[in-house]
Amino acid sequence: MPELPEVEIVKRGLEGALLVDGVGARIDTLTFNRPNLRVLLPVHLPDALKGQRFSSFTRRGKYVVAFVESGAGFILHLGMSGVVKIIPKDERYIPAKHDHVVFKMDDGGHVVFNDPRRFGFLKATTRDDWQFDDSFRGMGPEPLSNGFNGPILAERLKGRSGPIKTALLDQKIVAGVGNIYACEALYMAGISPKRSAGSVQGKRAERLAAAIVDVLTRAIESGGSSLKDYYQADGSLGYFQHSFKVYDREGDIVDGKHPVVRIVQSGRSTFYCPAKQR
DNA sequence: CTCCTGTCCTGCCGGC
DNA sequence: TGCCGGCAGGACAGGA
């Protein structure tokens with residue numbers, strides 16, 4: 001379930017592997033092993049990237065954006081089950097099931113996008129145009145940027161009658177928060193997921209904004225204190241050990257005596273502690 | 001505009 | 001043991 005922290009780790013892992021001392025690794029070939037993921041794969045992209053060096057990587061919400069020297073690039077969303085695998089030049093690449101997108105690098109290394117459920121997608125873009133892509137239109141503030149705080153969050157929540165949990169999943173409110181960190185942040189802030197979004201104002205909004213920042217920051221930190229920690233044994237990036245307070249802990253006792261409860265909101269599981277969240 | 005529901009997809013897990 | 005139903009979830013479309 002890649003949310004902002006996992007995607008940030010993927011982006012950092014790609015930087016570490018493909019931008020060594022500021023020099024980008026060169027792409028030999030890009031291969032699509034099927035015509036589509038969630039949307040059609042961009043047929044012209046392999047030609048546009050062939051022979052190019054990677055020049056930079058960035059992240060916006062749950063998206064990774066990559067560019068090569070010519071200015072061509074792509075937007076990648078990991079969907080629900082997407083994984084980026086880095087296979088170093090001295091290791092043999094053994095194709096695996098669901099390896100849909102494969103970069104063969106000039107030095108013999110490989111970068112692979114593997115996504116069993118194919119909820120992810122990859123779109124072509126350019127350095128000049130990427131910010132105007134439909135995927136980013138209306139997207140809310142980056143929670144880990146300086147501009148994010150309680151008043152900004154409160155302003156975005158104002159007038160919304162639906163539950164705060166559902167609002168947090170809306171990328172127009174704040175970018176990069178998904179089901180797990182929405183539950184965790186609400187627990188940390190002591191706010192019930194059922195509370196109407198519009199009623200999260202003032203001090204509550206301050207607490208929630210701070211909790212979002214805290215939960216996301218700590219998740220990124222737990223993703224790896226050094227670059228090698230970013231990788232799983234198979235070279236995959238972005239999934240690491242988490243310890244959640246409430247997510248997927250139905251029935252567990254928190255704070256010595258209060259159980260975690262699971263409810264469904266907008267078709268999604270919500271985990272929270274009614275005794276601690278109002 | 002907001003809100004709500006259904007859709008996409010595969011792997012996994014519980015029940016019988 | 002094996003099969004089947006349900007669930008997981010991010011984004012988006014479409015209807016109220």
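Excluded from the calculations below are hydrogen atoms, water molecules and symmetry mates; all remaining heavy atoms, backbone and side chain alike, are included. Chain letters run A, B, ... following the sequence lines, proteins first and then strands; every chain starts at 1.
An aromatic stacking contact links A:F119 with the base of C:dG9, defined here by ring centres under 5.5 Å apart and ring planes under 30° from parallel.
A straight line from CZ of A:F244 to P of C:dA8 spans 15 Å, rounded to a whole angstrom. If you measure from atom CG of A:N36 to atom P of C:dC12, you get 16 Å, rounded to the nearest angstrom. The separation between A:F136 atom CZ and C:dG10 atom P is 17 Å, rounded to whole Å. Distance NZ (A:K123) to C1' (C:dG10): 13 Å, rounded to an integer number of Å. The interatomic distance linking A:K165 (NZ) with C:dG9 (C1') rounds to 10 Å, in whole Å. The nearest whole Å value for the distance from the CG atom in A:D115 to the P atom in C:dA11 is 13 Å. Taking atom CG on A:D134 and atom C1' on C:dA11, their separation rounds to 12 Å, with Å as the unit. Distance A:F121 CZ to C:dC12 P: 6 Å, rounded to the nearest Å.
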Verdict with supporting geometry, A:L186 and A:Q277, side-chain contact (heavy atoms from CB on, under 4.5 Å):
CA-CA 8 Å; A:L186 286 168; A:Q277 295 174 249; 3.8 Å; yes
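For the 3.5 Å distance criterion, the side chains of A:K97 and A:N114 fail to qualify, holding no donor opposite an acceptor. Between the side chains of A:S135 and A:D133, at least one donor N or O sits under 3.5 Å from an acceptor N or O.
Two residues are said to be in side-chain contact when any heavy atoms from C-beta on lie closer than 4.5 Å; A:C183 and A:K165 meet this criterion.
With sequence neighbours left out, A:F74 forms a ring-ring contact (aromatic ring centres under 6.0 Å, His included) with A:F103. Residues passing the ring-ring contact (aromatic ring centres under 6.0 Å, His included) test with A:F119, sequence neighbours excluded: none. In this structure A:V215 satisfies the side-chain contact (heavy atoms from CB on, under 4.5 Å) test together with A:Y181, A:E184, A:M188, sequence neighbours excluded.
Remark: nothing in residues 167-174 of chain A comes within less than 4.0 Å of DNA chain B through any heavy atom. Looking at residues 57-65 of chain A, you'll see that no heavy atom sits under 4.0 Å from any atom of DNA chain B.
Here the closest non-hydrogen pair linking A:A175 and A:R60 is CB-NH1, 3.6 Å. Pairing each heavy atom of A:E206 with each of A:P151, the nearest pair is OE2-CD, 3.8 Å. Nearest heavy-atom pair, A:L19 versus A:F54, reported as atom, atom and distance to 0.1 Å: CD2-O, 3.6 Å.
At a cut-off of 3.5 angstrom, counting only N and O atoms as typed in the model, there is a donor on one side and an acceptor on the other between the side-chain of A:R268 and the base of C:dG10.
Within the 4.0 angstrom heavy-atom criterion, no nucleotide atom of any strand lies near A:R137. Using a 4.0 Å heavy-atom distance criterion, A:T166 is classed as making no nucleic acid contact.
Secondary-structure annotation of DNA chain C gives the stems B:2-16 with C:2-16, with a stem taken as at least 3 successive Watson-Crick or G-U pairs whose two distances both fall under 3.5 Å.
Nucleotides of DNA chain B that come within less than 4.0 Å of any heavy atom of chain A span, from the 5' end to the 3' end, B:dC3 to B:dG11.
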Under 3.5 Å, sequence neighbours excluded: what are the donor-acceptor pairs made by side chains of residues 248-255 of chain A?
from   : atom 1 : to     : atom 2 : distance (Å)
A:R249 : NE     : A:D252 : OD2    : 3.0
A:R249 : NH1    : A:F244 : O      : 2.9
A:R249 : NH1    : A:K245 : O      : 3.4
A:D255 : OD2    : A:Y187 : OH     : 3.0
A:D255 : OD2    : A:K276 : NZ     : 3.3

Under 3.5 Å, side-chain donor or acceptor atoms of residues 260-267 of chain A against the rest of the protein: list the pairs with distances, not counting sequence neighbours.
from   : atom 1 : to     : atom 2 : distance (Å)
A:R262 : NE     : A:S269 : OG     : 2.9
A:R262 : NH2    : A:S269 : OG     : 2.9
A:Q265 : OE1    : A:T270 : OG1    : 2.7
A:Q265 : NE2    : A:P193 : O      : 3.2
A:S266 : OG     : A:T166 : OG1    : 3.4

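Listed by chain and number, the hydrophobic cluster partners of A:I152 come to none, as no ILVMFWY side chain reaches under 4.5 Å of it. Hydrophobic clustering, defined by side-chain heavy atoms of Ile, Leu, Val, Met, Phe, Trp and Tyr closer than 4.5 Å, groups A:I75 together with A:V39, A:Y63, A:V65, A:F67, A:F121, A:W130, A:F136, A:M139.
Between A:L157 atom CG and A:R204 atom CZ the span is 12.5 Å, to the nearest 0.5 Å.
The side chain to side chain contact (heavy atoms under 4.5 Å, CB included) with A:F32 is formed by just one residue from the set A:L37, A:L40, A:V101, A:V102; it is A:V101.
Comment: A:R160 engages A:D170 in a salt bridge, judged by a side-chain N to carboxylate O separation of less than 4.0 angstrom.
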Contact list (N/O, under 3.5 angstrom) for nucleotides 13-16 of chain C vs protein:
none

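A sub-4.0 Å separation between OP1 or OP2 of C:dA11 and a side-chain N or O of A:H77 is present.
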